[in-house]
Amino acid sequence: MTIIIFILVLGAIIFVHELGHFLFAKLMGVYVYEFSLGMGPRLLHKKGKETEYCLRLIPIGGFCSMAGEEVDEEKIKVPKKRRLQAKKPWQRFLIMFFGPGFNFIFAIFTLFFVALIWGSPNYEPVVSNVTKNYPAYQVGIEKNDIIKKINNHKISTLDDVSLYLTIANPKKETTIRVKKENGITKTYHIKPKKITEKGTTSYKYGIGLNSEKKYGFLNSIKYTYIKTGSLFKQMWITIQCLFTGGIKIQQLSGPVGIYSIVGEQSKAGIASILYLMAFLSINVGFINLLPLPAFDGGHILFIIIEKIKGSPVSQKTENMIHTIGLFLLMALMVYITFNDILKLF
């Protein structure tokens, strides 16, 4: 069942992403050779008027193959005006952007649906309980304290609390500022407690956060707005920490790690699976917009360069850079997957 859910979750996210590219390519008049879900050998395929629609064996990945992406123009049998590179910069921008854009739209609707049907978790950073004999209890943090700052970072939501406690250096004291029920503000310096269970080491402060749920249409809209912004913030801070060393590459997860997470979330019910799907969809969209070769953001970067210099970058040069970027990306995925497998043991 976990395998089925894993395939459905990743398949939905990839389908939505490629659908965004596909629809805008068609809208802009670009000839699309193939719209494929999955990688490897074909399982099913159907030829449309122009495009071949395929379902492939390996349920990780997918692609929308457009005319004009090839290096050798002599091999292109499609009229020049139907090729990607023949389109205006703003048209190419929309084609590249709306792959990630559809991921964001999909995530927003999914979060709203979950909040509307199952209710939304409270997003206010209020302490619901403090575990005895843990650092937070020992320094004086109490139930109903409102967390205002962590290591001088402003706290607005529960996600902010989780984010800044996660990236805090566990070997150093964490500064937590709270507002008491009587309105007094206090600052505490806490070093988390090291816990080792079944060979896995974690660091815990002993702070429980309010998990009370809210319901209603308007609250669902408000929650979706706040949660979407919070997830974008998490991604931005995570990327920053990767460059500054606050988060190590070993802490990242690939398909194997996601499979493990799907297995855990599936035990919690449909709402948890849908939330994970929204979370991963925003992750995929955000990462794809990074201005790096082989990503959609890399293609957008070349469009911006074209607008600045007044002429396009050589197609062969651009394709070579994207090919190198894709090779490095695959090498990183192999490394991350290897680490994910090691974590299982």
Side-chain angles (χ1 to χ4, degrees), residues 111 120-181 184-213 223 226-253 257-258 260-261 264-265 268 272 275-276 278-280 282-283 286 339 343:
L111 288 172
S120 58
N122 182 39
Y123 38 77
E124 297 170 351
V126 180
V127 177
S128 61
N129 63 78
V130 185
T131 307
K132 288 186 177 181
N133 301 321
Y134 273 78
Y137 177 84
Q138 293 166 348
V139 299
I141 290 181
E142 302 171 296
K143 180 180 178 180
N144 295 326
D145 284 354
I146 302 172
I147 300 175
K148 307 299 288 184
K149 285 188 176 182
I150 295 177
N151 287 339
N152 212 33
H153 296 290
K154 184 180 178 181
I155 302 300
S156 302
T157 67
L158 290 182
D159 288 339
D160 288 342
V161 178
S162 300
L163 172 64
Y164 288 114
L165 288 182
T166 299
I167 65 175
N169 188 338
K171 297 179 181 179
K172 297 181 180 180
E173 287 188 336
T174 298
T175 302
I176 300 179
R177 188 168 185 167
V178 305
K179 184 178 180 180
K180 298 288 186 178
E181 282 191 279
I184 296 175
T185 300
K186 287 191 175 183
T187 300
Y188 300 98
H189 301 281
I190 310 173
K191 190 173 182 181
K193 185 176 183 180
K194 184 177 180 179
I195 306 293
T196 302
E197 296 176 337
K198 298 179 180 180
T200 302
T201 299
S202 61
Y203 295 86
K204 297 184 178 181
Y205 294 84
I207 298 174
L209 299 172
N210 193 346
S211 58
E212 177 187 359
K213 288 192 174 183
Y223 167 79
I226 293 174
K227 190 66 177 180
T228 302
S230 180
L231 291 176
F232 273 103
K233 181 179 179 179
Q234 285 184 46
M235 284 301 302
W236 177 247
I237 298 297
T238 299
I239 295 298
Q240 284 183 322
C241 289
L242 279 172
F243 283 100
T244 59
I247 294 177
K248 306 297 182 185
I249 292 180
Q250 292 89 337
Q251 293 176 260
L252 300 179
S253 290
I258 293 172
S260 299
I261 296 170
E264 291 299 317
Q265 292 296 101
S272 294
Y275 171 77
L276 176 63
F279 173 78
L280 292 175
I282 286 180
N283 274 248
F286 190 96
N339 278 329
K343 291 174 187 176

NZ on K191 to CD on E173, rounded to 0.5 Å: 8.0 Å
Taking every non-hydrogen atom, the tightest pair across S128 and K143: O-CG, 3.2 Å
Y223 and P121, any side-chain heavy atoms less than 4.5 Å apart: yes
T175 and N152, any side-chain heavy atoms less than 4.5 Å apart: no
Validation row: T185, R177 side chains within 4.5 angstrom (heavy atoms): yes
All side chain to side chain contact (heavy atoms under 4.5 Å, CB included) counterparts of D159, not counting sequence neighbours: T157, K227, S230, Q234
Distance in Å, Q138 CD paired with T131 OG1, rounded so as to fall on 0.5 Å steps: 11.0 Å
K148 and I155, any side-chain heavy atoms less than 4.5 Å apart: no
Separation of S120 OG from K213 NZ (nearest 0.5 Å): 8.5 Å
Within 6.0 Å of OH in Y137, more than 12 heavy atoms from elsewhere: no
Residues K149, T187; criterion side chain to side chain contact (heavy atoms under 4.5 Å, CB included); working and verdict: CA-CA 9 Å; K149 285 188 176 182; T187 300; over 6 Å; no
Evaluation steps, side chain to side chain contact (heavy atoms under 4.5 Å, CB included), between I176 and I207: CA-CA 11 Å; I176 300 179; I207 298 174; 4.1 Å; yes
Which residues share a side chain to side chain contact (heavy atoms under 4.5 Å, CB included) with N169, sequence neighbours left out: K171, K172
H189 versus V139, closest heavy-atom pair with distance: O-CG1, 4.0 Å
Interatomic spacing from CD1 in I150 to CG in L165 - rounded to 0.5 Å: 4.0 Å
Heavy-atom side-chain contact between Y205 and I141 under 4.5 Å: no
Within-4.5 Å side-chain heavy-atom neighbours: L111 and L231: yes
Pairing residues for E142 by the side chain to side chain donor-acceptor pair (under 3.5 Å) criterion, not counting sequence neighbours: K180
pair L209-I147: side-chain heavy atoms closer than 4.5 Å: yes
Spacing of Y188 atom OH and D145 atom CG [to the nearest 0.5 Å]: 6.0 Å
Side chain to side chain contact (heavy atoms under 4.5 Å, CB included) between M235 and N283, intermediate numbers included: CA-CA 7 Å; M235 284 301 302; N283 274 248; 2.9 Å; yes
Nearest heavy-atom neighbours spanning V161 and P125: CG2-CB, 3.8 Å
Closest contact, heavy atoms only, V130 versus V127: CG2-CG1, 3.7 Å
K186 NZ: over 12 foreign heavy atoms closer than 6.0 Å: no
Whether Y164 and H153 hold their rings parallel, tilted or perpendicular, with breakpoints at 30° and 60°: parallel
